[in-house]
Enquirer: 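Take a look at the following structure, please.
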Protein chains: 2
Amino acid sequence: MSKDENEKISLAVVKRLPRYYRYLGDLLEHGITRISSGDLSKKMGVTASQIRQDLNKFGCFGQRGYGYNVEMLYAEIKKILGLDREYNMIIIGAGNLGQALANYPNFRKRGFKFIGAFDKNPDIVGKTAGDVVIMDISELEPFLKENRVDIAVLSIPKYNAPKISPILVENGVRGIWNFSHIDLNTPDSVVVENAHLTESVMTLSYKLSELEKNNKE
Amino acid sequence: MSKDENEKISLAVVKRLPRYYRYLGDLLEHGITRISSGDLSKKMGVTASQIRQDLNKFGCFGQRGYGYNVEMLYAEIKKILGLDREYNMIIIGAGNLGQALANYPNFRKRGFKFIGAFDKNPDIVGKTAGDVVIMDISELEPFLKENRVDIAVLSIPKYNAPKISPILVENGVRGIWNFSHIDLNTPDSVVVENAHLTESVMTLSYKLSELEKNNKE
DNA sequence: GTTTTTCTGTTAAAATAATAATATCTGAAA
DNA sequence: TTTCAGATATTATTATTTTAACAGAAAAAC
């Protein structure tokens, strides 16, 4: 029996799910059919308590005296993460990063399907990125009216993002994966996940500086 | 006067610093020379308390009755994040993503300098990525012995990562920016920052599923 | 100059999150 | 059957993180 359906689950927990999912996938690949929270905790370097509590937020997937059935838990997390369906994606800004994402085979495998790519640079319009032909950015709006787009990948310079974002929102895009260095201002009917690579590398440089500071002491 | 130097600062705080840095940079660009925590909090959508407390972890940068001097605070955070120096970087796995990173001009601007790229695919060895020629992966170890490499960007398939990671560690690389879908097992003398894009997009699909679930109710 | 307002640093309180402890259930072996 | 170790669900505790409150210093106004 699952918990109170309306309980809002914290982002901290949600962000850990993909990691559980990855480890369970690895276990499956190795033919392991069951695992206890204790064993999983050793593999993952987290406490068994945390694993149990995280999973219990979504339901009772384990069995006392047995542990978790790997295949079943994997399928449950897949469902929880919304990976049991297909998403139509488009790329806005088909530069190096955009093309890299479009060419990444794992997305397709997981149900993220690129159905369009747009750029304003005439040098690359007409070329292909992954399976799709790059269109001029002026074709974005008509395209959105013709096709159901679930997720837009925004990999354009920050000063262009505020112009594009409302076009997406107004034409039914509900999810934005934002690689642009800016915080988007979207209504609650749209979800944004930021992938600010620059901030990630800055965290790394902070850690490096700390490391060196400690070594000197 | 800065606080207890040995106090360990939580990752949550550190991860917010780049965002402060970004907003301060924007303010600078707009010629704004001072700002109060209250005004900044409105812009950023966080509490003023949090801003004050975050910054206070590193020192007393503000002035009562005045606020924060934007230029000075920007410079301080730059120093805290370790962005006041240069880092030599290499790319391991010069596929689409690796090349996209190598070509990203902002890294260079911020002091992250690519000095090498490696791949095992003979089709791309010899081509250029950003400013550097892609070398065969067999040249990695000799290269590390000849050059000071601060950061290695790991963008290779997960099954190769465990082979490469020890080579990096043993040859003095202290920072790894990990795009491979695996958790690296490195000693404490090395820092790792994960940039797991797949996990990021899974978080997005979770949020999307939640959104749709709530709309149905 | 003096007074008023602004706005930080700091302390305290509240809210969250992580960990530990306990009670309960399962399944296999005796 | 019965027993018992294994392992979770759940509750309690502790730790961390965030928010709020406030005293007091500096700036601005008069």
Side-chain angles (χ1 to χ4, degrees), chain A residues 1-20 23-24 27 32-74 76-77 80 203, chain B residues 1-17 19-20 23-24 27 32-74 76-77 80 203 206:
Chain A
M1 179 53 56
S2 80
K3 316 288 287 260
D4 175 12
E5 295 285 343
N6 286 17
E7 190 196 349
K8 168 84 177 161
I9 287 160
S10 82
L11 196 59
V13 175
V14 172
K15 292 256 175 198
R16 281 195 291 267
L17 288 180
R19 187 150 178 267
Y20 294 137
Y23 273 84
L24 288 165
L27 290 174
I32 294 163
T33 57
R34 60 180 269 198
I35 191 154
S36 69
S37 60
D39 288 349
L40 188 57
S41 83
K42 275 177 214 141
K43 272 191 194 297
M44 296 186 63
V46 298
T47 62
S49 269
Q50 186 169 66
I51 294 176
R52 288 203 295 271
Q53 261 207 21
D54 282 351
L55 298 177
N56 268 98
K57 291 251 157 63
F58 300 96
C60 299
F61 306 129
Q63 211 174 10
R64 290 174 166 133
Y66 177 89
Y68 297 89
N69 177 293
V70 175
E71 193 169 7
M72 179 270 213
L73 185 56
Y74 185 76
E76 286 290 346
I77 297 184
I80 293 165
T203 307
Chain B
M1 179 51 58
S2 79
K3 316 289 288 264
D4 176 10
E5 296 285 343
N6 286 19
E7 190 196 350
K8 168 84 175 159
I9 288 160
S10 81
L11 196 59
V13 175
V14 172
K15 292 256 177 198
R16 282 196 290 267
L17 289 180
R19 187 151 178 264
Y20 294 139
Y23 274 84
L24 289 165
L27 290 172
I32 293 163
T33 57
R34 60 180 272 197
I35 192 155
S36 69
S37 59
D39 287 349
L40 187 57
S41 81
K42 275 175 215 142
K43 271 190 196 296
M44 296 186 63
V46 298
T47 64
S49 267
Q50 186 169 66
I51 294 176
R52 287 204 296 274
Q53 204 161 125
D54 282 351
L55 297 177
N56 259 98
K57 292 248 158 63
F58 301 96
C60 299
F61 306 128
Q63 210 172 11
R64 287 177 167 133
Y66 176 89
Y68 296 89
N69 178 293
V70 175
E71 192 169 9
M72 178 268 212
L73 184 56
Y74 185 75
E76 286 289 347
I77 297 182
I80 293 165
T203 307
Y206 173 87

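Note on naming: letters A, B, ... go to the chains in the order of the sequence lines (proteins, then strands), and numbering restarts at 1 for each one.
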Enquirer: Return no unless some side-chain N or O of S10(A) is found under 4.0 Å from OP1 or OP2 of dT16(C).
Expert: no
Enquirer: Rounding to an integer number of Å, can you tell me how far I51(B) CD1 sits from dT10(C) P?
Expert: 17 Å
Enquirer: Got a donor-acceptor contact below 3.5 angstrom from the R52(B) side chain to the S37(B) backbone?
Expert: no
Enquirer: Just the table, please: protein N/O against nucleotides 27-29 of chain D N/O, every pair under 3.5 Å.
Expert:
unit_1, atom_1, unit_2, atom_2, d
dA28(D), OP1, R34(B), NH1, 3.2

Enquirer: When you get a sec, tell me which of dT18(D), dA9(D), dA20(C) is the closest nucleotide to the side chain of Q53(B)?
Expert: dT18(D)
Enquirer: To the nearest Å, how far apart are K15(A) NZ and dT16(C) P?
Expert: 19 Å
Enquirer: Quick one: R16(B) CZ to dT17(D) P, roughly how many Å, whole number?
Expert: 9 Å
Enquirer: Could you state the atom-to-atom distance from CG of N69(B) to C1' of dC7(C) in whole Å?
Expert: 15 Å
Enquirer: In whole angstrom, what separates Y68(A)'s OH from dT8(D)'s C1'?
Expert: 6 Å
Enquirer: Could you tell me how far apart L40(A) (CG) and dA7(D) (P) are, to the nearest whole angstrom?
Expert: 13 Å
Enquirer: Counting side-chain heavy atoms from CB outward, which of dT10(C), dA21(C), dA18(C) is closest to R52(B)?
Expert: dT10(C)
Enquirer: Any donor-acceptor pair under 3.5 Å between the side chain of S49(A) and the base of dA18(C)?
Expert: no
Enquirer: Report yes if the side chains of L24(A) and L27(A) come closer than 4.5 Å at any heavy-atom pair, otherwise no.
Expert: yes
Enquirer: For the residue pair I80(A) and V14(A), establish whether any side-chain heavy-atom pair is separated by less than 4.5 Å.
Expert: no
Enquirer: Side-chain contact, heavy-atom cut-off 4.5 Å: Y74(B) with N69(B)?
Expert: no
Enquirer: Starting at the 5' end of DNA chain C, which residue's closest nucleotide do you reach first, T47(A) or I35(B)?
Expert: I35(B)
Enquirer: Do the side chains of N56(B) and C60(B) get nearer than 4.5 Å, heavy atoms only?
Expert: yes
Enquirer: Has the side chain of R34(B) got a donor or acceptor atom that lies under 3.5 Å from a matching backbone atom of G67(B)?
Expert: no
Enquirer: Only distances under 3.5 Å count here; give the side-chain donor-acceptor pairs of residues 42-49 of chain B to other protein atoms, sequence neighbours excluded, each with its distance to 0.1 Å.
Expert:
unit_1, atom_1, unit_2, atom_2, d
T47(B), OG1, Q50(B), N, 3.1

Enquirer: Output the rounded distance in Å from NZ (K8(A)) to P (dT16(C)).
Expert: 12 Å
Enquirer: Between S37(A) and dT8(D), does any side-chain N or O lie under 4.0 Å from OP1 or OP2?
Expert: yes
Enquirer: Would you kindly give the CG-to-C1' distance between D54(B) and dT16(D), to the nearest whole Å?
Expert: 14 Å
Enquirer: Within the structure, does a side-chain N or O atom of N56(A) lie under 4.0 Å from either OP1 or OP2 of dT8(D)?
Expert: no
